[in-house]
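Below is one structure, written out as structure tokens, with a few remarks after it.
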Amino acid sequence: MQFRVPKGTTDIVPDVAVKWQYLERKAVELFKTYGYKPIITPIFEHTEVFTRSIGSSTDIVQKEMYTFEDKGKRSLTLRPEGTAPVIRSYVEQNMNQLPQPVKLYYTGPMFRYERPQAGRYRQFWQIGVEAIGSDDPAVDAESILLLVNYFKAVGLKELTLYINSMGCENDRPQYIEMLKEYAEAKRESLCNDCVKRVDLNPLRLFDCKNETCQAVMADAPKLIDHLCESCSGHFDEVKHYLEMQCVNYTIKPELVRGLDYYTKTTFEIVSPLLGAQNAIGGGGRYNKLVEEFGGPSTPGIGFALGTERLALAVEKEGVFDVNENSTEVFIAVADPAAKHAAVNILYQLRSNDISSDIDYMNRSLKAQLNAANRRGIRYFVFLGSRELEAGAVVVKDMEDGAQVEVKLNELVEHLTGLVGAAK
RNA sequence: GUGAUCGUAGCUCAAUUGGUUAGAGCGUCGGACUGUGGCUCCGAAGGCUGUGGGUUCAAGUCCCAUCGGUCACCCCA
């Protein structure tokens, strides 16, 4: 029996990995122009990092975490999301001493024990950013615009941006009481799941797919209508900034993100090209989180996007623009006697930054050409006993079949010229 | 965690009502008057039919279990 990847995981094979690297490269470029810097935190953290921050009522904490005990009896957890570790690090590394806001981005795998599905895996990759230290609505807008502009930059066109406000630490409890009261009164009309939600996680009542529940909830009070003056003013500002950049958005009062730490602005971008798992990126403000981790009262906001889902959407849109820089030069050994000299040339080319390769399969000359040709290599250098005697090689451009003889001591210069011109 | 559906070469798929040594295309490797590619032609390798049981004279085909894929619920990136 052969080994297989664990359930819900997959190998990112070269053809796919190249695309991922492209997506990541584009992200990093853009993040940089917005003033964000990279941060790399451990793949696992003390379990409490997540249980404290994400919220104990969420499924993530309740049943989806990869938690284990190490040999020192520490309870550790493979990170299920990226924000909590970054905030932990912000506090631990005293980043409040840096000029604020501190703007960070990260990329890497996250882990959740879920039933795999289209766009949902047990190990999945996220690219995320966090801006910590400012409550300026312009930062909210920056975060949203960065996400929108990134998706545009990789060629996505069909996107829907949803925004909402969760209110502050005062608004939310008040509202939840109001919501509970409303739902309690309509208890008999709700499905079993929703009855449970009333006590466990009332905000989730809006998510139910059941039609009668939806009808009931359509008339329920919305958090967005019960924000305090400061929060609704903040939200208005955010909207204003978005409008200034001509970004279309839809206010979705029932938009509740999965993590409990959100306050004020939340947002999500959905792609119609995807299946049930269509949220391709999302985030929000978390003004209490730094305090939660024992740091000074510090506001923050950020988002995360799913690399698999993004790649899926870009693929469906048919706009992957990966310029796969294939090997440029292939050294064809026409005669076994020339092998040593050929390898020597190979390293000479490589040390001059010419990407080059040679046959390692003892192929016939014809088979060498065949194989290299399929790899899309454009320039071939022929070397056999005839060339060895002449102190020159034959350089062939496979695009038009033209061949020229080049002196060995001029080869590097010649190829550098060809490769440079081709680019 | 719940439900549906599927599981045959590296990939995409075949295999009459259960019936002999499980086939094809693509890909891989090799060859086509031996120092020149893409096209074409020829050939080769490659499967204990996901795994384990059961029914039967006989199982890729039927039954059960298990593992995995896919899709949806749930949840979320």
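- The residues A:K32 and A:E29 are annotated as not salt-bridged, no charged nitrogen and carboxylate oxygen being separated by less than 4.0 angstrom.
- Under the side-chain hydrogen bond (donor to acceptor under 3.5 Å, both in side chains) test applied with A:R285, the options A:T263, A:T265, A:D140 reduce to a single match, A:D140.
- One C1' atom belongs to B:rG38, the other to B:rU21, and the distance between them is 38 Å to the nearest Å.
- Below 30°, between 30° and 60°, or above 60°: for A:F380 and A:F330 the angle between ring planes is between 30° and 60°, a tilted geometry.
- Both stacking criteria are satisfied for A:F382 over the base of B:rU36: a centre-to-centre distance under 5.5 angstrom and an angle between ring planes under 30 degrees.
- A close approach under 4.0 Å does occur between a side-chain nitrogen or oxygen of A:R363 and OP1 or OP2 of B:rC29.
- Nucleotides B:rG23 and B:rG60 have their P atoms positioned 13 Å apart, rounded to a whole Å.
- Side-chain to base pairing of A:R120 with B:rC74: one donor and one acceptor N or O lie within less than 3.5 Å of each other.
- In this model, the phosphate group of B:rG31 is approached by a side-chain N or O of A:S364 to a distance below 4.0 Å at OP1 or OP2.
- Comparing the C1' positions of B:rC75 and B:rU16 gives a spacing of 47 Å, expressed to the nearest Å.
- Separating the C1' atom of B:rG7 from that of B:rC13 is a span of 13 Å, rounded to the nearest Å.
- Between A:Q117 and B:rA72 there is a side-chain N or O to OP1 or OP2 distance below 4.0 Å.
- Residue whose closest nucleotide on RNA chain B sits further toward the 5' end, between A:R122 and A:T9: A:T9.
- Comparing the C1' positions of B:rG69 and B:rC11 gives an interatomic distance of 15 Å, to the nearest angstrom.
- Here A:R88 pairs with A:E92 in a salt bridge; the nearest charged N to carboxylate O distance falls below 4.0 Å.
- For the pair A:A279 and A:G384, nearest-nucleotide mapping onto RNA chain B gives the more 5' position to A:G384.
- Contact between the side-chain N/O atoms of A:R112 and the OP1/OP2 oxygens of B:rC75 is not found at any separation under 4.0 Å.
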Completion exercise
Symbol by symbol from the 5' end, with Watson-Crick or G-U pairs under 3.5 Å, [ ] crossing and | another strand, RNA chain B is (((((((..((((.....[...)))).(((((.......))))).....(((((..]....))))))))))))....
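- With both ends at atom P, the span from B:rC33 to B:rC71 equals 49 Å, rounded to whole Å.
- Between A:Y286 and A:Y262, the ring-plane angle classifies as tilted under the 30° and 60° cut-offs.
- Between the C1' atoms of B:rA22 and B:rU61, the separation comes to 12 Å (whole Å).
- The shortest distance between the side-chain N/O atoms of A:R309 and the OP1/OP2 oxygens of B:rC76 is not below 4.0 Å.
- The aromatic rings of A:Y150 and A:F31 lie tilted to each other, with the angle between the two planes from 30° to 60°.
- Across the P atoms, B:rA59 and B:rU66 are found 24 Å apart, a figure rounded to whole Å.
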